[in-house]
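Here's the structure we're looking at; comments come further down.
Worth knowing before you read on, the calculation uses all heavy atoms, side chains too, and leaves out hydrogens, waters and symmetry mates. The chains referred to below are lettered A, B, ... by the order of the sequence lines, with proteins before strands, and numbering in each begins at 1.
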Amino acid sequence: DAGITQSPRHKVTETGTPVTLRCHQTENHRYMYWYRQDPGHGLRLIHYSYGVKDTDKGEVSDGYSVSRSKTEDFLLTLESATSSQTSVYFCAISKTTSGPGETQYFGPGTRLLVL
Amino acid sequence: RKEVEQDPGPFNVPEGATVAFNCTYSNSASQSFFWYRQDCRKEPKLLMSVYSSGNEDGRFTAQLNRASQYISLLIRDSKLSDSATYLCVVITGGGNKLTFGTGTQLKVEL
């Protein structure tokens with residue numbers, strides 16, 4: 001157990017509304033990630049963070065922003081939700097200080113439905 | 001061609017059977033490989049790393065074939081509890097890029 005929680009666990013929202021998902025970890029790991037998982041696609045990286053206020057884009061970052069003001073929290077924001085952002089969102093951490101390419105531990109996921 | 005490809009299955013096998021999955025990758029510079037397990041509506045969890053020499057963990061054996069660019073997972077004496085989706089993960093780009101396969105679904109039946 002890597003001590004990762006995500007909130008909310010489920011959310012239904014309407015197109016055009018802003019949505020913020022929260023990832024919280026209790027072990028002070030440096031690297032945190034946001035992925036989305038959709039049928040027919042593997043987990044795809046949205047954004048990641050390598051420290052407080054240090055973030056970078058992943059493979060599918062358009063329409064998403066992130067913030068990390070504290071080590072333990074990594075927030076994912078959909079500025080104006082679209083139906084194509086209906087997905088399951090997973091937060092992950094890696095227990096490493098040398099780089100992100102290590103084993104990753106995932107949170108329980110957030111199921112988001114955009115109507 | 002996808003960077004990482006897996007047969008989606010499902011593989012339906014009886015309890016006690018041996019089953020094997022392959023995962024092919026396109027980038028010959030890929031450096032690290034893993035198998036993750038994902039239960040229905042749950043998060044992925046690391047099953048095992050894949051080493052060049054092959055490695056075993058109980059009933060599970062993972063192998064890497066760099067020449068043909070694939071990794072494999074062998075499960076012996078399948079249990080009902082092995083029913084899940086198995087994801088392969090390939091790391092490239094100096095360790096900075098993880099690419100997940102779409103997963104292979106395994107169903108173990110009585």
Do [X] and [Y] sit in one hydrophobic cluster, given that two such residues count as connected whenever their side-chain heavy atoms are within less than 4.5 Å of each other, even indirectly?
{"X": "F74(A)", "Y": "V60(A)", "answer": "yes"}
{"X": "I71(B)", "Y": "F100(B)", "answer": "no"}
{"X": "L80(B)", "Y": "F11(B)", "answer": "yes"}
{"X": "V4(B)", "Y": "Y70(B)", "answer": "no"}
{"X": "L74(B)", "Y": "L47(B)", "answer": "no"}

- For the atom pair CD (E3(B)) and CD (E59(A)), what is the distance rounded to the nearest 0.5 Å? 7.5 Å
- Message: Rounded at 0.5 Å granularity, tell me how far OG1 in T103(A) sits from CG in L98(B).
- Response: 9.0 Å
- Contacting moiety of Q38(B), where chain A heavy atoms sit under 4.5 Å: side chain
- Message: Which atoms of K45(B) are under 4.5 Å from chain A, going by heavy atoms: the side chain, the backbone, both sets, or neither?
- Response: neither
- Item | Atom of T102(B), atom of G42(A) and distance for their closest heavy-atom approach | CG2-N, 3.4 Å
- Under 4.5 Å, counting heavy-atom pairs only, tell me which of P44(B), G101(B), P8(B) racks up the most with chain A. P44(B)
- Quick one: are Q104(A) and Y36(B) in side-chain contact, heavy atoms under 4.5 Å? yes
- For Q37(A), is it the side chain, the backbone, both or neither that has a heavy atom under 4.5 Å from a heavy atom of chain B? side chain
- Item | Which atoms of R44(A) approach chain B - backbone, side chain, both or neither, heavy atom under 4.5 Å | neither
- Task: Please say whether more than 12 non-hydrogen atoms of neighbouring residues, nucleotides or ligands are located less than 6.0 Å from CD in E109(B).
- Result: yes
- Message: If you count heavy atoms of other groups shown closer than 6.0 angstrom to CD of Q63(B), is the number above 12?
- Response: no
